[in-house]
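Below is one structure, written out as structure tokens; the observations come after it.
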Amino acid sequence: MSDERTELALELRRHLAWQESDGTRVLLKEPGAQKGPAAQKGPAVQKEPAPVHPEPVPSAAEGRSRGTKVEAPSVLVPGETLDEVRRELGDCKRCKLCEGRKQIVFGSGNPRAELVFVGEGPGEEEDKQGIPFVGAAGQLLTKMIEAMKFSRDTVYICNVVKCRPPGNRNPEPDEIRACEPFLRAQLRVIKPKVIVALGKFAAQTLLREDTPITRLRGQWRQYEGIDLMPTFHPAYLLRSPDEKKKAWMDLQEVMKRLGKSA
Ligand code: SF4
């Protein structure tokens with residue numbers, strides 16, 4: 001098996017293991033899998049569905065998630081380039097966010113970026129323009145990127161969910177579950193040196209844990225062998241300008257790791 005196929009197989013297994021740990025119903029039939037009773041010990045697993053996203057969500061939102069039929073997530077998104085991953089996404093209707101969007105906001109920037117910023121989801125302006133982080137929070141992110149001696153063209157910017165949640169509400173667990181394989185595929189293709197996870201949804205989704213962003217931020221972590229720095233989301237910084245100092249400290253760590261003097 002080639003290195004790439006091995007990597008894809010490992011990613012698929014990690015994803016399935018995560019889904020199983022959440023209690024998600026998972027059905028996988030491997031080529032050459034045993035038939036009969038012994039096969040029950042193999043990778044075919046059935047569990048009762050359970051809430052998936054680590055974040056506590058309001059009961060009304062939980063109710064909507066559980067009551068909504070969601071197409072099974074694409075656990076392994078093929079593609080060796082961002083264009084191929086985008087083609088695979090297509091006119092996506094894998095979750096209910098497709099209903100209110102104007103367009104899919106896939107991502108923008110350098111497909112070979114050494115630095116990738118991952119946010120939560122598109123807002124109103126992003127939904128209109130089809131480009132991530134172009135509203136007020138996006139303007140702040142652009143300033144942050146430039147303060148780090150990069151430009152938007154040299155980095156890559158994307159979100160956990162590619163369609164705007166109505167009214168800019170938080171993405172719900174089923175939506176994250178449906179869209180997240182495409183984020184993983186983007187990161188697999190780009191292979192950046194550093195990922196900056198902007199806010200709790202990006203950090204918790206990539207790290208598969210529910211530690212609050214206030215504790216995650218500023219601490220180097222690893223995502224699939226890539227250095228990951230969690231920090232505050234620019235939208236939060238607009239609401240809480242006193243926290244900008246902490247975010248800047250986090251970004252200075254990223255600069256150091258990428259050989260830029262602060
Ligand atoms: S948020 Fe993601 S999974 Fe849901 S419809 Fe949009 S592109 Fe598809």
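Remember, it's 1-based here, ligands and their atoms both numbered in the order they're listed.
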Worked verdict on Gln103 versus Asp127 for side-chain hydrogen bond (donor to acceptor under 3.5 Å, both in side chains): CA-CA 6 Å; Gln103 55 192 314; Asp127 185 45; over 6 Å; no
Acceptor/donor pairs from residues 136-144 side chains to any protein atom, 3.5 angstrom cut, sequence neighbours excluded:
| unit_1 | atom_1 | unit_2 | atom_2 | d |
| --- | --- | --- | --- | --- |
| Thr142 | OG1 | Gly138 | O | 2.9 |
| Thr142 | OG1 | Arg152 | NH1 | 3.1 |

Counterpart residues, salt bridge (charged side-chain N to carboxylate O under 4.0 Å, His left out), relative to Arg221 (two or more places apart): Glu209
Interfacing atoms of ligand 1 (cut-off 4.0 Å, heavy-atom, Arg101): 5 (S), 6 (Fe)
Lys/Arg N to Asp/Glu carboxylate O, Arg217 vs Glu243, below 4.0 Å: no
Polar protein atoms near atom 2 (Fe) of ligand 1 [N, O or S; cut-off under 2.8 Å]: Cys179 SG
Ring-face cation of Lys260 near Phe150 (centre distance under 6.0 Å, axis angle within 45°): yes
Separation between NZ of Lys149 and OG of Ser261, rounded to the nearest 0.5 Å: 3.5 Å
Residue list, side-chain contact (heavy atoms from CB on, under 4.5 Å) with Arg86, at least two apart or on another chain: Leu89, Ile104, Phe106
Residue-ligand contact Lys96/ligand 1, heavy atom below 4.0 Å: no
